[in-house]
Amino acid sequence: VSQSRYGSMLGGAHIANNVQKSLGIGEKDGAAFFNAYGDAVLQRWEALWDFIASVITTDEEIQAVSLAVEGVFAWVLNVLQADEQKGVWV
């Protein structure tokens, strides 16, 4: 579960940083989508994690949520791979 603490909010901020560095495109130039919370991203992420930890408290709940998350990511990966095979991402 600790690995799932680093999700799309932090990933988006990382992407925004790399887009800025490599392409010179910042929030005002069209890359705001990747950095939706700006400087507050870590605070927002910690607040979300605290909420999740307050409602998912037993080992059984943690296991069930972990399996569900893995299932969602497997589904997304399958969709992206199928689209790639169709040439959607070319």
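For clarity, every value in this text was computed on a predicted model and none was experimentally measured. As a basis for the values below, the full set of heavy atoms in this structure was taken, side chains included, without hydrogen atoms, waters or symmetry mates.
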So, taking the atom named CZ in F73 and the one named CG in N78, what distance separates them when rounded to the nearest 0.5 Å? 13.5 Å

Please report the interatomic distance CH2(W75) to CG(L80), rounded to the nearest 0.5 Å. 8.5 Å

With E70, which residues qualify under side chain to side chain contact (heavy atoms under 4.5 Å, CB included), at least two apart? L67

Sequence neighbours left out, what passes side chain to side chain contact (heavy atoms under 4.5 Å, CB included) with T58? Give chain and number order. E60, E61

Could you identify which residues cluster with L77, counting Ile, Leu, Val, Met, Phe, Trp and Tyr as linked when any side-chain heavy atoms lie under 4.5 Å apart, either directly or through a chain of such contacts?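 Answer for L77: none, a lone residue.
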
Which atoms form the tightest heavy-atom contact between A53 and T57, and what is the distance? O-CG2, 3.7 Å

Residues that D29 engages under side-chain hydrogen bond (donor to acceptor under 3.5 Å, both in side chains), provided they are two or more places apart: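 D29 satisfies side-chain hydrogen bond (donor to acceptor under 3.5 Å, both in side chains) with no other residue.
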
Which atom pairs, donor and acceptor, lie under 3.5 Å between side-chain atoms of residues 30-41 and protein residues at least two apart or in another chain?
unit_1: N35; atom_1: ND2; unit_2: E27; atom_2: OE2; d: 3.1

Could you list the donor-acceptor pairs under 3.5 angstrom formed by side chains in residues 11-21, with sequence neighbours left out?
unit_1: H14; atom_1: NE2; unit_2: N18; atom_2: ND2; d: 3.1
unit_1: N18; atom_1: ND2; unit_2: H14; atom_2: O; d: 3.4
unit_1: Q20; atom_1: OE1; unit_2: G26; atom_2: N; d: 3.2

